[in-house]
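All residue numbers in this chain count up from 1 along the given sequence. Side chains included, hydrogens not; waters and symmetry mates left out as well; all remaining heavy atoms used. Remember, it's 1-based here, ligands and their atoms both numbered in the order they're listed. Keep in mind it's a predicted model, so treat the numbers as computed, not measured.
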Amino acid sequence: MIDNKYELGFFPTPLQELKKLSKTYSDYNLFIKRDDNTGLASGGNKTRKLEYLIKQAIDAGCDTIITAGAQQSNHCRQTAAACAIAGLECHLLLGGKEPKTYDGNLLLSSTLGATIHFTGDNRKGEDIQNVKKTLENQNKTCYVIPYGGSNLIGALGFVNAVKELKEQLIAQQLEIDYIFFASSSGGMQAGLTLGKELYQLSATLVPISIDKDETNGLSLEEVVLNIVTEGTDVLNIKREFELSDISLNRAYDKDGYGVVTENEINAINSLARNEGILLDPVYTGRAFYGMLDSLDREKIPLGSNVLFWHTGGLPAIFKYADELR
Ligand SMILES: *Cc1c(COP(=O)(O)O)cnc(C)c1O
């Protein structure tokens, strides 16, 4: 199952030390996992999920992919690229009204050949079944990828990512104590949670919540638990998970999804100016701020090896030019 994928990216992604920031935060050793460099039309964490989702679509004989997200969705942009590679038709349902000018991920999704449907307040795939019916009436065979690619199939990408990280840690003779990352539609968190069990990674996950809203009436913790529960069955993991086992740091999501504050901007500038690495304003800027703030407040034991899992998102930075200057 874990080998049943369609190759879309360059793996393993680099695992690097943040040398300068480790000097500034001298009580910690800081590392970064570069999923901004997965290579699929400017990279990002959805590439790992799409390798499994696209394979399943092809195996099922589908010719059309439908998925959904915000206008600046990295997931939708990477899906559009994956469809171009695999020769599939791509329909994206994006929240809001059609803007006069396409920029950031929206521009890239359109450039990559996706058909874009603007769905107003519905940015989490509420209209997928309607679009699917219309396409089926045109004799298309549709494969629906849920919001953010977050189901068990997509999460397998991050089960496999733990295996990849484990091999890198062994090769570099390194141990990681904490892994910070942006968690939003839950597939990455579910995959890492399952992978941690399957490959016995000892690091503690610190998912930073990005979006305080629910998805289809479920909290992010519930979404993650549902995928993890299904995954323990399929992957033959003996442990049983409860809601209290799904950790989520909600301290940084109060301003709402896609709202950029001084916090995100300071985090972006800090990593850019110390290490020459670019974060995005929506996900990684917020999560990296959460990590630096947690270190500043000594919420993490001194002396820990701390990894930031960079999940990509760079194209969205161009949508926030006014905030960043
Ligand atoms: C989608 C995304 C995330 C969150 O991953 P989920 O699996 O949706 O929780 C984090 N960072 C970036 C840049 C993303 O595009």
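Which parts of ligand 1 touch A182 is read off a 4.0 Å heavy-atom cut-off, strictly below it: atoms 4 (C), 10 (C). Taking every heavy atom of G313 and a limit of under 4.0 angstrom, the matching atoms of ligand 1 come to 13 (C). Near G312, meaning under 4.0 Å from one of its heavy atoms, ligand 1 places the atoms 13 (C). Set against the non-hydrogen atoms of M188, the atoms of ligand 1 under 4.0 Å away are 7 (O). Close approach of ligand 1 to T311 is summarised as follows: ligand atoms under 4.0 Å from at least one heavy atom of the residue are 10 (C), 11 (N), 12 (C), 13 (C). Less than 4.0 angstrom separates some heavy atom of G187 from each of these atoms of ligand 1: 7 (O).
G186 counts as a contact of ligand 1, since one of its heavy atoms falls under 4.0 Å from the ligand.
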**Message:** Run the salt bridge (charged side-chain N to carboxylate O under 4.0 Å, His left out) test on E136 and K132 for me, step by step, so that the C-alpha distance in whole Å, both residues' side-chain angles and the decisive distance to 0.1 Å come before the verdict.
**Reply:** CA-CA 6 Å; E136 281 171 351; K132 183 168 182 250; 3.3 Å; yes

**Message:** Walk me through whether Y252 and Y289 qualify under side chain to side chain contact (heavy atoms under 4.5 Å, CB included).
**Reply:** CA-CA 8 Å; Y252 306 99; Y289 172 74; 3.7 Å; yes

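Inclusion of N45 in the set of residues having an N or O under 3.5 Å from an N or O of ligand 1 is warranted. Ligand 1 has no N or O atom lying under 3.5 Å from any N or O atom of T284, backbone or side chain.
Counting only non-hydrogen atoms, the option in Q78, K46, R48, K49 that gets closest to atom 7 (O) of ligand 1 is K49.
Within the cation-pi definition used here (under 6.0 Å to the ring centroid, within 45° of the axis), R239 qualifies as a partner of F241. Under a cutoff of 6.0 Å and an axis angle of 45°, K319 and Y102 do not form a cation-pi pair. A cation-pi arrangement is absent between R325 and Y320 under the rule of less than 6.0 angstrom and at most 45 degrees off the ring axis.
With hydrogens left out, the protein atom closest to atom 9 (O) of ligand 1 is S184 N, 2.7 Å, a heavy atom. Protein heavy atom closest to atom 8 (O) of ligand 1, with residue, atom name and distance, is S185 OG, 2.5 Å.
Contact of the Q56 side chain with the Y6 side chain is not registered, since no non-hydrogen atoms from C-beta on lie closer than 4.5 Å.
Taking CD of E230 as the reference point, atom CG of L152 lies at 4.5 Å (rounded to 0.5 Å). Rounding to the nearest 0.5 Å places CD of Q71 at 10.5 Å from OG of S109.
Atom CD of E98 has more than 12 heavy atoms from other residues, nucleotides or ligands within 6.0 Å.
Under 4.0 Å from ligand 1, not a single heavy atom of V282 appears.
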